[in-house]
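Below you'll find the structure, written out as structure tokens, and then a few comments.
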There are 2 protein chains.
Amino acid sequence: MAETTRHPDHRYGNRPTMKDVASRAGVGLKTVSRVVNGEPGVTADTERRVQEAIEALGFRRNDSARVLRKGRTASVGLVLEDLADPFYGPLSRAVEEVARAHGALLINGSSAEDPDRERELALALCARRVDGLIVIPAGDDHRYLEPEMRAGVATVFVDRPAGRIEADAVLTDSFGGARGGVAHLVAHGHRRIGFIGDQPRIHTAVERLRGYRAAMEDAGLPVDDAWVSLGSTDPGRVRDAVAAMVDGPQPVTALFAGNNRVTVTAVRELSGRARPVALVGFDDIELADLLGITVVAQDAAALGRTAAERLFRRLEGLPEAPARVELPTTLIARGSGEVPPA
Amino acid sequence: MAETTRHPDHRYGNRPTMKDVASRAGVGLKTVSRVVNGEPGVTADTERRVQEAIEALGFRRNDSARVLRKGRTASVGLVLEDLADPFYGPLSRAVEEVARAHGALLINGSSAEDPDRERELALALCARRVDGLIVIPAGDDHRYLEPEMRAGVATVFVDRPAGRIEADAVLTDSFGGARGGVAHLVAHGHRRIGFIGDQPRIHTAVERLRGYRAAMEDAGLPVDDAWVSLGSTDPGRVRDAVAAMVDGPQPVTALFAGNNRVTVTAVRELSGRARPVALVGFDDIELADLLGITVVAQDAAALGRTAAERLFRRLEGLPEAPARVELPTTLIARGSGEVPPA
DNA sequence: TTGAAAGCGCTAACAG
DNA sequence: CTGTTAGCGCTTTCAA
């Protein structure tokens with residue numbers, strides 16, 4: 001038997017509601033709700049009739065309405081820099097797994113390193129009433145999140161701390177990692193070591209530079225201004241920086257790369273040169289083992305997991321004051337960092 | 001003047017509503033709505049009063065309620081395999097950019113290659129009433145999406161086609177790419193060429209194998225059963241497959257790797273061997289240039305962009321029948337594929 | 001220019 | 001075991 005023709009001038013995407021299911025099954029609205037949510041107190045027979053109506057109508061519960069009523073969305077937001085960067089894939093995936101274990105969905109967005117876009121995204125997520133927010137800051141002022149946090153949006157910062165507000169943060173020990181990596185180069189005989197890092201507005205860049213300086217100072221080595229370059233991780237910029245340090249009047253014999261993007265470009269640039277230059281990079285890279293690149297590895301997945309777990313603990317009411325957690329790094333020697341000075 | 005104490009036993013995350021703003025500003029609810037949405041017909045003075053109340057209260061519109069009323073969520077869902085896989089990062093980011101250009105948010109989730117989880121995720125996204133859905137299939141039966149699609153959820157499949165339903169699909173030309181890659185090995189003198197690919201339930205694995213067979217047949221070369229291995233991309237499994245083919249009784253002189261995971265493991269496994277084995281991999285990898293790995297490259301970002309653009313065209317009412325789009329591959333010769341037979 | 005009333009689809013609270 | 005009613009916070013409609 002053909003179905004009755006639907007009213008045609010209806011909103012696109014018109015879908016059956018619980019009311020429709022109820023009338024089709026000849027039961028009350030609440031009974032449908034019970035069946036859909038697996039609540040007890042429905043006879044097997046009634047349940048079957050309701051299920052049939054659901055199937056026949058192609059009903060699916062509208063979670064927007066549910067959320068509106070319940071107040072919780074069972075979703076968390078993740079604002080990161082760029083999902084296409086191999087550092088964030090595993091991080092995001094780790095957050096997703098924790099969220100999934102708590103029955104929550106993950107909504108993530110890329111800030112593209114633009115503070116305005118970070119803010120816009122984070123606030124859009126708040127408007128969708130995510131239960132919690134994990135933010136990898138692009139900007140350095142997060143006061144815009146204060147009203148949201150006061151209103152109950154749990155917030156955890158990852159990879160970089162929040163700016164100008166008190167909030168949980170899960171970070172990698174950038175300072176210690178860089179210091180150890182540079183000390184490694186020193187231990188292999190280098191005295192003129194260059195540092196190429198990310199924009200100075202980025203917290204990790206500053207911390208790693210600080211680690212570099214500490215290691216140099218520990219070894220009693222001077223640092224020439226020409227050996228330090230902070231800026232965009234754009235390949236052209238990094239390439240120029242490498243060339244300037246390696247071919248300059250005070251040529252470095254070793255380089256410390258401040259993050260994975262810089263390492264990759266540095267490896268490419270150095271691979272074309274006759275005189276070997278030692279290299280240690282912050283953050284591991286796929287296939288670095290085959291290329292023999294020595295790195296100070298950080299665990300992106302652990303970063304995401306730790307942050308997400310803290311977020312859900314907050315959601316469960318953890319009263320504790322905001323804290324900063326630092327995850328350790330691991331130096332992995334593969335050859336490039338053990339090259340002696342030329 | 002101190003604010004009146006809030007009723008304490010209220011739901012956590014209690015937030016001011018438009019009603020609160022309205023009463024604080026001494027205006028009607030609808031006027032607040034007008035201001036929040038930038039609708040015309042509000043005097044500058046009224047608007048200012050409303051804005052002040054919004055600031056003071058830390059009001060942010062609840063999009064759940066808005067969605068319930070409007071019927072559209074301005075969000076699209078993306079179900080992929082694993083965000084931690086470097087192939088999906090750029091794809092997801094490309095989808096995000098297109099969504100953003102259309103004012104939509106992206107909600108993505110990983111199926112972990114589990115068909116049940118794919119289904120669960122896709123349906124959860126439908127329950128949240130995403131306007132559209134982009135799916136990278138893990139399973140091969142998508143009839144579960146039929147009611148959703150009928151109800152108006154625009155759906156586009158990427159990387160692999162939908163199973164048992166008619167739907168838009170944006171794919172890479174796996175057959176042609178693999179055929180070309182294997183032909184490249186043949187052109188360099190190889191006659192015994194192995195193929196290691198993903199699970200046979202995955203469409204691209206089958207297509208690439210088909211391309212391999214076609215190229216062998218084109219060259220009039222036989223294919224020994226021992227030269228073909230489909231299965232999990234788990235490093236152990238791939239390692240064993242490589243060893244079996246290279247050390248077997250009919251040793252291959254060249255390998256075609258069916259995807260990026262396989263390529264990486266194959267490179268690692270082959271790097272330890274005395275006798276050189278030629279290698280061409282499907283899908284490019286970061287740093288493959290430095291390692292001299294010849295690949296058949298596909299453009300993950302283009303895949304995502306094309307799919308997302310099609311999705312939004314559907315959302316705008318494109319009436320056309322479901323179509324399959326195939327994107328071309330590019331052979332990039334870097335050395336490993338040009339090694340002559342040992 | 002402004003606002004009151006209805007209702008989006010669901011769940012909570014309470015009756016039967 | 002089942003159903004009715006109210007209302008989540010917003011937009012739509014219509015009247016002032």
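Hydrogens, waters and symmetry mates play no part in the numbers below; they use all other heavy atoms, side chains included. Convention: sequence-line order gives letters A, B, ...; per-chain numbering from 1.
Distances from the side chain of A65(A) to the nucleotides dG9(C), dA12(C), dC10(D) place dG9(C) closest. Checked against dG9(C), dT2(C), dC10(D), the side chain of L68(B) finds its nearest nucleotide in dG9(C). The side chain of T17(A) approaches dG9(C) more closely than any other nucleotide in the set dA6(C), dT11(C), dG9(C).
Contacts classified as side-chain hydrogen bond (donor to acceptor under 3.5 Å, both in side chains) and involving residues 158-170 of chain A (residues at least two apart or in different chains) are given here: E81(A)-R160(A), D168(A)-R310(A), D168(A)-R314(A). Applying the salt bridge (charged side-chain N to carboxylate O under 4.0 Å, His left out) definition to pairs two or more places apart or across chains, those involving residues 100-110 of chain A are R100(A)-E120(B). Residue pairs meeting the ring-ring contact (aromatic ring centres under 6.0 Å, His included) criterion with at least one partner in residues 27-56 of chain A, sequence neighbours excluded, do not occur; the list is empty.
Separating the CE atom of M18(B) from the P atom of dC8(C) is a distance of 19 Å, rounded to the nearest angstrom. The distance from atom CD1 of I54(B) to atom P of dC10(D) is 10 Å, rounded to the nearest whole Å. Summarising the geometry, the separation between CZ on R66(A) and P on dC10(C) is reported as 10 Å, rounded to the nearest angstrom. Spacing between atom CZ of R15(B) and atom P of dC10(D) amounts to 10 Å, rounded to whole angstrom units. Residue R69(A) contributes atom CZ, which lies 15 Å from atom P of dC10(D) at whole-angstrom precision. In this structure, the NZ atom of K19(A) is 11 Å from the P atom of dC10(C), given to the nearest Å.
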For residues 149-157 of chain B, please give each side-chain donor-acceptor pair under 3.5 Å, one per line with the distance, not counting sequence neighbours.
unit_1: T155(B); atom_1: OG1; unit_2: V153(B); atom_2: O; d: 3.1

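Note on V27(B): only backbone sugar-phosphate atoms sit closer than 4.0 angstrom, heavy atoms only; bases stay farther off. At the heavy-atom level, T46(A) lies under 4.0 Å from the strands shown only through sugar-phosphate atoms.
The phosphate of dT2(D) has OP1 or OP2 within less than 4.0 Å of a side-chain N or O from T43(A). OP1 or OP2 of dA12(C) sits under 4.0 Å from a side-chain N or O of K70(A).
A side-chain donor-acceptor contact under 3.5 Å links E118(A) to the backbone of G139(A).
For F87(B), there are no ring pair (Phe, Tyr, Trp, His ring centres under 6.0 Å) partners two or more places apart in sequence or in a different chain. A search for salt bridge (charged side-chain N to carboxylate O under 4.0 Å, His left out) contacts involving R324(A) returns nothing, not counting sequence neighbours. For S75(A), the side chain to side chain contact (heavy atoms under 4.5 Å, CB included) partners two or more places apart in sequence, or in a different chain, are T73(A), L105(A), I107(A), V130(A), R128(B).
Annotation: the terminal axes of the helix from dT1(C)-dA16(D) to dG16(C)-dC1(D) meet at 40°, where each axis is the rotation carrying the C1' atoms of four end pairs onto the next four (5 pairs per end, rounded to 10°).
Near DNA chain D, meaning a heavy atom under 4.0 Å away, the residues from residues 29-39 of chain A are K30(A), T31(A), R34(A).
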